Amino acid sequence: QVQLVESGGGLVQAGGSLRLSCAASGRTFSRYAMGWFRQAPGKEREFVAAVTWSAGSTYYADSVKGRFTISRDNAKNTVYLQMNSLKPEDTAVYYCAADLRGLGSTREGVYDYWGQGTQVTVAS
């Protein structure tokens, strides 16, 4: 069983920055790929970013490329999402997810465990 707890969400002005964190339980965190997804009101959940188990590869949605950075610290069992140049359309609940295969994916069906989510609101 893997438990994921997100933190770092909040209210920020457009153009500002936030860093989300996702703390994971379990001694094998370093074997998981980790992903971030988001769900805006009235919309389906969508892929944001992913990192493989080794952090050798990262993947981003086109809408966040160049603005968001995913990273991980396996010693702290934590994955981060640094979000810069935030836009009102980035407003959503952000979820982290763990892929036990370690490979990462843009498809949410691949992920085995999910956090409860953290709200990010970007004011214009």
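Worth knowing before you read on, the calculation uses all heavy atoms, side chains too, and leaves out hydrogens, waters and symmetry mates. Computed from a prediction, not measured in an experiment: that's the story for all the values here.
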Exercise. Is Val120 linked to Tyr60 within one hydrophobic cluster, defined over Ile, Leu, Val, Met, Phe, Trp and Tyr using a side-chain heavy-atom separation of less than 4.5 Å?
Worked result: yes

Seminar exercise, completed: Residues pairing under side-chain hydrogen bond (donor to acceptor under 3.5 Å, both in side chains) where one sits in residues 89-106, two or more places apart or in two chains, turn out to be Arg38-Asp90, Arg38-Tyr94, Arg67-Asp90, Asp99-Arg101

Problem set entry | Phe29 CZ to Thr78 OG1 distance, which is reported to the nearest 0.5 Å | 6.5 Å

Problem set entry | Pair listing, side-chain hydrogen bond (donor to acceptor under 3.5 Å, both in side chains) test, anchored in residues 5-20, at least two apart | Ser17-Asn84

For this session: Find the distance between CG (Leu103) and OG1 (Thr52) and round it off to the nearest 0.5 Å.
Result: 8.0 Å

Exercise. When rounded to the nearest 0.5 angstrom, what distance separates CG in Asp73 from OG in Ser30?
Worked result: 11.5 Å

Exercise. Which residue pairs pass the side-chain hydrogen bond (donor to acceptor under 3.5 Å, both in side chains) test with at least one member in residues 115-124, sequence neighbours excluded?
Worked result: Gln119-Thr121

Problem set entry | Ring centre gap for Phe37 and Tyr111 strictly below 6.0 Å | yes

Exercise. Closest approach of Ser25 and Asn77, non-hydrogen atoms and distance?
Worked result: C-ND2, 4.3 Å

Problem set entry | Spacing of CZ belonging to Arg72 relative to CE belonging to Met34, to within rounding of 0.5 Å | 6.5 Å

Exercise. Can you hop from Val64 to Leu18 via hydrophobic side chains spaced under 4.5 Å?
Worked result: yes

Exercise. Are Tyr80 and Val48 connected, step by step, through hydrophobic side chains (Ile, Leu, Val, Met, Phe, Trp, Tyr) whose heavy atoms are closer than 4.5 Å?
Worked result: no

Exercise. Are Tyr113 and Tyr32 in one and the same hydrophobic cluster, where Ile, Leu, Val, Met, Phe, Trp and Tyr link if side-chain heavy atoms are under 4.5 Å apart?
Worked result: yes

Problem set entry | Considering all heavy atoms, the nearest Lys43-Gln39 contact | O-NE2, 3.0 Å

For this session: Indicate, with yes or no, if Val110 and Leu100 share a hydrophobic cluster defined by side-chain heavy-atom contacts under 4.5 Å among Ile, Leu, Val, Met, Phe, Trp and Tyr.
Result: no

Problem set entry | Flag side-chain contact, heavy atom, 4.5 Å: Trp36 against Phe68 | no

